[in-house]
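Encoded as structure tokens, the structure appears first; notes follow it.
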Amino acid sequence: MGKTKTLAKNTAIIGLGTLSTKILTFLLLPLYTNILNPDDYGLIDVLMTMSSLIIPFVTLEMNSGVFRFLIGFEDGENYSYKKIVSTGVAIETMGLIITLLISLVVNLFFNIPHFMAIVVYIVSLSASKLILDLTRGFSDIVAYSIANLIITLFSLCLNIVFILVFKWGAVSILIATAIGNFSGSVFLFFKERLYKYIGKCQINKDIGKKMLKYTLPLILNTVSWWIVSAADRIIILGCIGATANGIYAAAHKIPSIYTTLFAVFCLAWTESVARNESDKIFVKRTVEISVKIMIYMLLGIISCSSLFFNILIGDEYSSCYWHILILLIAIFFSSLSSLYGGIFSGKMDSKTIAYTTIIGAVINIIVNLGLVNYIGLYAASISTTISYIVISLIRNKQVKKWYKIKLFSMKDIIFIPLGVLCIVGYYFHSNIINIITIITIIICFVLFNRNILNIIFIKTKNRK
């Protein structure tokens, strides 16, 4: 129970620093969809999407490497920490310098839109990812959460100022996000006294080779995830146009709530598995409970999306309504894949993480290109959903070789009528049916998960 308690505690602390701020960030969606035109918003979305593809090659996924290797040193030997941190920082710095030089040459020939803003955005995001994961590696999740709060609040406030006051348009998103990332990085750099861990003499070739052996497959994994989740936008831009891409980007904003909620748990889960992967009962039980909670979340967010759609989405983006439903289903399977991914990470099996995602990426491109000329924008959302389902099924099969996980039992048949009620409310876009569905979901969750709620209640009561 101590391991479960630690997982819940870490999730709660990380949640305080990310969920509250992500909710504030979500409130920017009406600002984007009502102030920015779809063409401008669509272009910036593509630039940010392309940046997410470049970053793994810039960083060589050193953020994941330093995190996984730091938590491997339970003895807390300071010299070990110094070698890991110094080696990771040195490798990523080299990657940044090489990328900057290459990007300057490329810009001379292709004249990349908002070039300087994109460069600063990539550097800031790379730095913040490394420093945030260093902090997690030190097990200082309180500072990690505070830094996330700083990043989001700076980005939120500056977005509003740049868009409404300075009238800079969609490029404001890049500039505000970059400043937010730098602010959080500076805070952590001095809070964790990272300068004490960085030194030229601490760079270790053997550790560097071991870290690269672990992280290089993760580059393929990240790129493949990018293809699964983001290449759709490139295909849309080339085959349909920037306006359609703006609509698709808006459709992703509501499903991103689900991603954010699960990402908070997944951060704590990855660390817990890394420390306790040999405890089969703990891993099995946590996965089974997590999947059920994820389904309740999915159904609740679908109903809330329909209920609040007219408030959150501008008239120009009303056509994204059905894409939201499809993408929510896709994000559920994406989260399930990440849940299994945490187990692979705990076992240091980065190769399996990579090859399963590559399979999904190939399927996504084939289905997308095959359908885009027939069903238009729906090809993107449908191909993404299919690819996530395939990834989760393959990973599920592999995980069952290690842990005897049983996701569903007879009492989980309640999900069938709940799902039907949820889809009916969404189809008719009926506020009354959606409200009834949300209330029913809450009641069913309480009735069928009393054991979990009792544990939480008893612990809270004892603590008081």
Side-chain angles (χ1 to χ4, degrees), residues 9-10 12-22 24-25 55 58-97 99-100 119-159 161 174-204 207-208 211 263-264 267-268 270-271:
K9 177 184 175 182
N10 290 348
I13 295 174
I14 293 173
L16 289 175
T18 56
L19 282 183
S20 57
T21 54
K22 293 298 182 182
L24 292 175
T25 303
I55 287 174
V58 174
T59 64
L60 296 178
E61 287 294 320
M62 272 300 113
N63 58 298
S64 299
V66 294
F67 166 71
R68 188 61 186 85
F69 275 72
L70 282 173
I71 64 174
F73 285 91
E74 294 292 346
D75 56 9
E77 292 281 348
N78 198 42
Y79 72 87
S80 298
Y81 281 7
K82 283 185 176 180
K83 288 181 179 179
I84 294 171
V85 174
S86 297
T87 304
V89 170
I91 293 173
E92 180 160 322
T93 302
M94 289 177 60
L96 278 171
I97 294 172
T99 303
L100 286 173
V119 170
V120 174
Y121 173 79
I122 290 174
V123 172
S124 70
L125 196 57
S126 301
S128 67
K129 282 166 66 70
L130 179 63
I131 294 178
L132 283 167
D133 279 341
L134 278 172
T135 305
R136 278 208 304 147
F138 292 150
S139 298
D140 192 353
I141 57 175
V142 174
Y144 175 88
S145 297
I146 294 173
N148 273 308
L149 180 65
I150 292 172
I151 290 171
T152 309
L153 287 178
F154 266 83
S155 300
L156 176 72
C157 295
L158 292 175
N159 256 297
V161 172
L174 293 175
I175 300 172
T177 304
I179 296 175
N181 283 321
F182 280 129
S183 301
S185 299
V186 170
F187 164 75
L188 286 180
F189 185 81
F190 290 101
K191 169 65 175 61
E192 299 299 311
R193 298 181 179 181
L194 294 181
Y195 47 84
K196 289 187 174 182
Y197 294 91
I198 300 173
K200 184 178 179 181
C201 60
Q202 296 295 331
I203 298 174
N204 187 284
I207 290 179
M211 291 174 70
V264 170
L267 286 171
T270 301
E271 181 175 348

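Both backbone and side-chain heavy atoms feed into the values below; hydrogens, waters and symmetry mates do not. For the single chain, residues carry numbers from 1 onward in sequence order.
Here Leu188 contributes atom CG and Ile150 contributes atom CD1; the two are 7.0 Å apart, rounded to the nearest 0.5 Å. Distance check: Ile91 CD1 to Met62 CE gives 4.0 Å after rounding to the nearest 0.5 Å. A distance of 13.0 Å separates CD1 in Ile55 from CG in Leu60, rounded to the nearest 0.5 Å. Of the inter-residue distances, the one linking Leu174 atom CG with Ser155 atom OG reads 11.0 Å to the nearest 0.5 angstrom.
The residue from Leu194, Leu130, Ile84, Val66 that alone fulfils the side chain to side chain contact (heavy atoms under 4.5 Å, CB included) condition with Val89 is Leu130. Put simply, the residue from Leu100, Leu125, Val123, Thr99 that forms a side chain to side chain contact (heavy atoms under 4.5 Å, CB included) with Val58 is Thr99.
Under the 4.5 Å side-chain criterion, counting only non-hydrogen atoms from C-beta, Glu192 is in contact with Asp140. Residues Val85 and Phe138 have side chains in contact (heavy-atom distance under 4.5 Å, counting atoms from C-beta outward). Counting heavy atoms from C-beta on, the side chains of Ile179 and Ser183 come closer than 4.5 Å. Considering only heavy atoms from C-beta on, Leu158 stays 4.5 Å or farther from Ile175 through its side chain. Under the 4.5 Å side-chain criterion, counting only non-hydrogen atoms from C-beta, Glu61 is in contact with Asn63.
Contact detail for Ala178 and Ser124: the closest heavy-atom pair is CA-OG, 3.3 Å. The two residues Tyr144 and Arg136 make their nearest non-hydrogen contact at CD1-CG, 3.5 Å. Nearest heavy atom pair, residue Phe187 against residue Ala143, reads CE2-O, 3.9 Å. Closest of all the heavy-atom pairs between Ser128 and Asn181 is OG-OD1, 3.4 Å.
The backbone N or O of Tyr197 sits less than 3.5 Å from a side-chain atom of Ser86, completing a donor-acceptor pair.
For Phe154, the CZ atom sits in a loose shell: 12 or fewer heavy atoms of surrounding residues, nucleotides or ligands are nearer than 6.0 Å.
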Going through the distances and angles, do Thr135 and Lys191 end up as a side-chain contact (heavy atoms from CB on, under 4.5 Å)?
-> CA-CA 10 Å; Thr135 305; Lys191 169 65 175 61; over 6 Å; no
